[in-house]
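A quick write-up on the structure given underneath.
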Amino acid sequence: MHAQGGTNTRAGTAAFMRRFEVQVDPDGQLDEAERARRATHARKSYMAVLALKAQRAKRRHASTPEAA
């Protein structure tokens, strides 16, 4: 199914993106373009924090004696 591009993740992806739209505009007062712009920035910030946490965990794991 994945090789043919037929995955069923559209609903999950949409819900994930809506999460950021609600986060940046909980009352729904912004126009659509501004809400989308802010949601994109919030998503990028969230992903950057995840990447930093992953990098720190990898560094911590690599520095333990049992990892060698």
Item to check | Hydrophobic cluster identity match, Phe20 and Val49, side-chain contacts under 4.5 Å | outcome: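 In one cluster: no.
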Item to check | Residue pairs, two or more places apart or on separate chains, that pass side chain to side chain donor-acceptor pair (under 3.5 Å) and touch residues 43-60 | outcome: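 Not a single pair qualifies under side chain to side chain donor-acceptor pair (under 3.5 Å).
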Checklist entry - What pairs of residues pass the side chain to side chain donor-acceptor pair (under 3.5 Å) test when at least one of them lies in residues 17-33, not counting sequence neighbours? => result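 Checked against side chain to side chain donor-acceptor pair (under 3.5 Å) - neighbours excluded - the pairs reaching residues 17-33 are Asp25-Arg35, Glu32-Arg35.
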Checklist entry - What pair of heavy atoms forms the shortest contact from Ala42 to Val24, and how long is it? => result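 Looking at all heavy atoms of both residues, the closest pair is CB-CG1, 3.8 Å.
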